[in-house]
Amino acid sequence: MNKTAIYARISRSDDLEHHTSIDHQIKGITDYCNTHGFTITKIYKDLNISGSTMNRPAFTEMMNDVDAGIIDTIIVKDLSRFGRNYLEVGKYLDEIFLIHDVRFIAIDDNYDNKGLMDEFAAFKNIFNEMYIKDIRKKIKTTFDYKSKTKLLNSRPGAFYGLSIDEDGKYIIDEEAANVVRRIFSLYIEGYSTKSIATLLTKECIITPGYYRYIKYNDQSSLTKHKYKWKDCTIYKMITNEGYFGKIINRKYFYIKGKRVLNPNPTIIEHGLPQIIDEETFNKVKEIRTSRPRKKEKVYINPFPNLIKCGCCGKLLRYTYAKTMNQYFYMCNKCKTRIYLDDIRTIFSKDIKQQILAIPSNDIKTYTDSQINKIKTEIITIDTKTQKAFEQYINHRMTEQKLKATIDDLTKKKNLFQQILDTGIAKELEEKILKVTNNEMTDNLILKLVTSATIKNIDKRKYSVHINYNFKNKKT
């Protein structure tokens with residue numbers, strides 16, 4: 001028994017130009033199946049999706065069912081319903097359906113890959129792709145023309161403060177325009193965008209979106225909060241050149257799906273009725289650019305990858321509590337928490353104790369060049385060790401000589417490493433006096449501390465284990 005699938009697709013241009021419907025396609029294919037003895041297993045349909053792409057929800061579902069063996073026959077109205085990209089369609093007809101042993105029938109094109117073969121199927125796919133390219137070209141030409149002559153988004157109420165008359169021309173909607181004029185006036189008086197939004201909300205002024213809904217029955221603008229103004233809405237209005245009559249079309253274009261600012265947009269001077277004069281708009285612009293911007297809080301972690309949870313061992317997340325005006329570290333899982341001020345105090349006290357506990361004769365001074373030279377020697381020893389093993393493997397060194405060589409290199413490396421471990425950099429030595437005089441910086445802490453483990457004992461009381469990059473007597 002054939003496990004037959006019906007696939008139907010319709011795009012917006014099909015619906016507008018040919019007055020076809022998805023139901024009409026399905027009925028025609030169903031009648032064909034009943035006449036020719038096919039048992040319909042499943043119906044797949046994609047609505048308002050172009051045939052130029054194979055990335056369609058129902059189409060993807062159907063091909064997944066083909067892989068799962070749920071269907072073995074696919075019937076469409078014609079090849080253009082399956083797809084308009086002839087290379088992609090050809091790939092399915094010539095490769096994928098043959099591999100999965102799927103029968104494919106396009107009724108109107110008289111194509112059946114396991115029955116009557118249509119020699120012109122490939123050419124029809126080419127014609128389908130040419131059709132979609134032609135449609136795209138026509139759409140682009142239409143938009144180019146419209147962008148030079150009118151506002152592209154010309155549905156009623158799309159531009160708050162303007163309406164469209166019977167001839168399709170923009171006219172001022174005085175009810176909304178008065179709100180716009182008041183917004184510009186308030187901003188000039190010294191109100192911020194946020195305070196204007198708050199004022200309009202308190203006065204129960206209907207928002208632009210809800211205004212479009214009640215006046216023009218624009219269902220897409222329906223919202224629960226009809227009086228809730230936002231400061232971003234106010235900002236968009238006071239920066240919109242359209243309110244003094246200028247139309248700017250094609251502000252952006254798309255490159256590989258990403259929106260990019262168009263350096264040469266289409267500008268139409270005096271293309272709209274003026275709700276405010278250009279002088280008022282420029283005055284608002286001057287005020288807006290001269291007002292100091294509010295500095296945003298930047299949460300820069302002063303101790304990155306340093307503070308861990310004493311329960312689960314994970315790094316604590318650095319965050320900010322606006323209600324308390326406090327920065328703190330927190331473990332989302334264990335709820336371990338320590339405030340930034342507290343951990344700084346703990347680090348400061350413990351570092352002073354550790355440094356003051358170091359015997360003076362253990363403090364050795366090394367310049368940066370000396371330290372770099374020691375590190376280079378260690379790398380050289382590692383290289384020599386590797387070569388010794390390679391010589392032994394290639395039978396150019398005896399096992400006894402290898403052991404003696406490794407022992408000698410290891411002793412040298414341990415000596416150099418001991419200098420680095422017990423020695424303290426000149427930069428650190430110069431800062432010991434500053435540390436003991438209560439001068440402690442986050443940068444200095446980062447140089448000394450390798451990790452810190454935190455456990456909560458009580459409110460703002462902690463058990464802290466600190467590891468340093470020098471030998472500390474107490475942890």
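What you see is a predicted model; the values in this text were computed from it and never measured. Position 1 is the first residue of the sequence; numbering continues from there. What's counted below: heavy atoms across the whole structure, side chains too, no hydrogens, waters or symmetry copies.
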Can you check whether [Y]'s main-chain N or O pairs, donor with acceptor, with [X]'s side chain at less than 3.5 Å?
X	Y	answer
D341	R344	no
D46	F59	yes
N394	E390	yes

Close side-chain approach of [X] to [Y], heavy-atom, < 4.5 Å:
X	Y	value
V102	T73	no
C309	I454	no
M62	K42	no
Y227	Y210	no
I43	I29	no
P273	I171	no
T239	Y235	yes
N55	I49	no

Rounded to the nearest 0.5 Å, what separates atom [atom1] in [X] from atom [atom2] in [Y]?
X	Y	atom1	atom2	result
I183	T193	CD1	OG1	11.0 Å
S80	D108	OG	CG	8.5 Å
I275	N240	CD1	CG	9.0 Å
I445	I466	CD1	CD1	9.0 Å
L306	T453	CG	OG1	9.5 Å
I10	K45	CD1	NZ	11.5 Å

Return the minimal non-hydrogen interatomic distance between [X] and [Y], and the atom names on each side.
X	Y	answer
D442	P302	OD2-CB, 3.5 Å
K335	N456	O-OD1, 3.9 Å
L186	L199	CD1-CD2, 3.9 Å
Q274	I172	O-CD1, 3.4 Å
D231	A197	N-CB, 3.8 Å
Q326	Y339	OE1-CD2, 3.8 Å

Assess whether a salt bridge exists between [X] and [Y], defined as any Lys/Arg side-chain N lying under 4.0 Å from an Asp/Glu carboxylate O.
X	Y	answer
D112	R103	yes
D31	K27	yes
K246	E278	no
E203	R182	yes

With sequence neighbours excluded, tell me which residues meet side chain to side chain contact (heavy atoms under 4.5 Å, CB included) with T319. R317, F328
Would you check if there is a donor-acceptor pair between the side chains of [Y] and [X] at a distance under 3.5 Å?
X	Y	result
D65	Y44	yes
D277	T280	yes
Y462	D342	yes
N467	T450	no
D173	Y160	no
Y7	R56	yes
T441	N443	no
S195	S192	yes

Quick check: are there more than 12 heavy atoms from other residues, nucleotides or ligands sitting under 6.0 Å from [atom1] of [X]?
X	atom1	value
K455	NZ	no
E286	CD	no
E279	CD	no
Y392	OH	no
Y191	OH	no
K283	NZ	no

Which pairs with one or both residues in residues 300-311 pass side chain to side chain donor-acceptor pair (under 3.5 Å), sequence neighbours excluded? N301-Y329
Mind telling me whether F184 and F281 have parallel, tilted or perpendicular rings, with 30° and 60° as the class edges? tilted
Assess whether side-chain contact (heavy atoms from CB on, under 4.5 Å) is satisfied between L316 and M330, documenting all intermediate values. CA-CA 5 Å; L316 298 186; M330 181 176 180; 5.9 Å; no
Can R9 be said to sit on top of F82's aromatic six-ring, NZ or CZ under 6.0 Å from centre and within 45° of the ring axis? no
Validation row, ring centre F347 to ring centre F303 under 6.0 Å: yes
side-chain contact (heavy atoms from CB on, under 4.5 Å), that's the test. Do I74 and I105 meet it? Break it down for me. CA-CA 6 Å; I74 298 173; I105 298 172; over 6 Å; no
Worked check of side-chain contact (heavy atoms from CB on, under 4.5 Å) between L98 and L93: CA-CA 7 Å; L98 290 176; L93 298 182; over 6 Å; no
For the pair I107 and K77, evaluate side-chain contact (heavy atoms from CB on, under 4.5 Å) and give the outcome as yes or no after the intermediate values. CA-CA 5 Å; I107 299 170; K77 180 178 180 292; 5.9 Å; no
